[in-house]
Protein chains: 2
Amino acid sequence: MGASKIDHFSPEHVEMSAIMKALGHPARLAILEHLLKVDSCVCGDIVDVIPLSQPTISQHLKELKTVALIKGTVEGNSVCYCLNENIIEKLFTYIGNIKSTLVAKSSYC
Amino acid sequence: MGASKIDHFSPEHVEMSAIMKALGHPARLAILEHLLKVDSCVCGDIVDVIPLSQPTISQHLKELKTVALIKGTVEGNSVCYCLNENIIEKLFTYIGNIKSTLVAKSSYC
DNA sequence: TTTGCTTATTGCAATATTACGATAAATATT
DNA sequence: AATATTTATCGTAATATTGCAATAAGCAAA
């Protein structure tokens, strides 16, 4: 096969894993942090900052957009990208739940 | 090409993205949550709980082990898997930093 | 030591990802 | 209108991932 059998898993697992997967590439984490660092959302400069070609960056941005980790709004000639706080929050909450359940549990091996 | 040019990115981005990538599959999230739910670490039953074959589960476990999200200790016949709190904590901290920076920033588009 | 049980590995097919050159599409400027 | 600028898409090659049947490897009893 090759494709993951996502129909066998819960919607929450499918959604969360898609978000994690989108963050599962150093370039996409670098894009995320760049968007965080830069004050304005004007974002053609991502290509200048990250050592990958313009088409590749565009593709990575698309993947981040697909899971709604970022939003992009057209602004004249260029496109302004910025982070979507909601999705980051969702991810934070999910990991936080795992963490606290784990701490409460304290059965190790 | 095809392989990601990880040598172009910071060690932190490489490490964090590897952890995220390991969680970027519904089966691996399901494994994680199962380990969290079950009180004992005795874990041959993952195969019974998740609708994938034994070799596939074994492979997913290996990926989680590679990034140290889980630990596995041999226990007689079987292997006992459990979560590694440190890595979960690390992930939580990383996302938390992004989140709080984002909140403090409040420049949207 | 043979048998059974549990987990890992191998080999392979199907599919997905990564990366980029070439090119298109859309808007700005001249 | 012609040109420049910016971003997206297409096409393609290289590599990685996903999944499983078959099989190996390791240990526990009998």
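To find a chain, count down the sequence lines: A is the first, B the second, and so on, and within it residues start at 1.
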| query | Between A:Gly76 and A:Ala27, who's closer to the 5' end of DNA chain C by nearest nucleotide? | reply | A:Ala27
| Residue-phosphate contact under 4.0 Å: A:Ser78 side-chain N/O, D:dT6 OP1/OP2 | no
| message | So, does B:Lys65 get its side chain near the phosphate of C:dT7, meaning an N or O under 4.0 Å from OP1 or OP2? | response | no
[atom1] of [X] versus [atom2] of [N]: gap in Å, rounded?
X	N	atom1	atom2	answer
A:Tyr81	D:dT6	OH	P	15 Å
B:Ile46	C:dA8	CD1	P	10 Å
B:Ile57	C:dT7	CD1	P	12 Å
A:Gln59	D:dA8	CD	C1'	11 Å
B:Lys62	D:dG19	NZ	P	16 Å
A:Gln54	D:dT9	CD	C1'	10 Å
A:Asp45	D:dT5	CG	P	17 Å
A:Leu64	C:dT17	CG	C1'	14 Å

Counting the atoms with a prime plus P, OP1 and OP2 as sugar-phosphate, which does [X] contact under 4.0 Å by heavy atoms, base, sugar-phosphate, or nothing?
X	answer
B:Leu61	nothing
A:Glu63	sugar-phosphate
B:Leu52	sugar-phosphate
B:Thr56	base

Can you find a pair of side-chain heavy atoms, one from [X] and one from [Y], that are under 4.5 Å apart?
X	Y	result
B:His34	B:Asp45	yes
A:Thr93	A:Asn97	yes
B:Leu23	B:Leu91	yes

Looking only at side-chain atoms of [X], point me to the closest of [options].
X	options	value
B:Lys21	C:dT17, C:dT9, D:dA16	D:dA16
A:Arg28	C:dT18, C:dG21, C:dT7	C:dT18
A:Asn77	D:dC20, D:dT5, C:dT6	D:dT5
A:His60	C:dA26, C:dA19, D:dA8	C:dA19

| note | Residue pair A:Gly44/A:Phe9 against DNA chain D: nearer the 5' end by closest nucleotide is A:Gly44
| Any luck finding a side-chain donor-acceptor pair between A:Glu63 and A:His25 under 3.5 Å? | no
| request: Answer yes when A:Glu15 and A:Lys90 have at least one side-chain N-carboxylate O distance shorter than 4.0 Å, and no when they do not. | output: yes
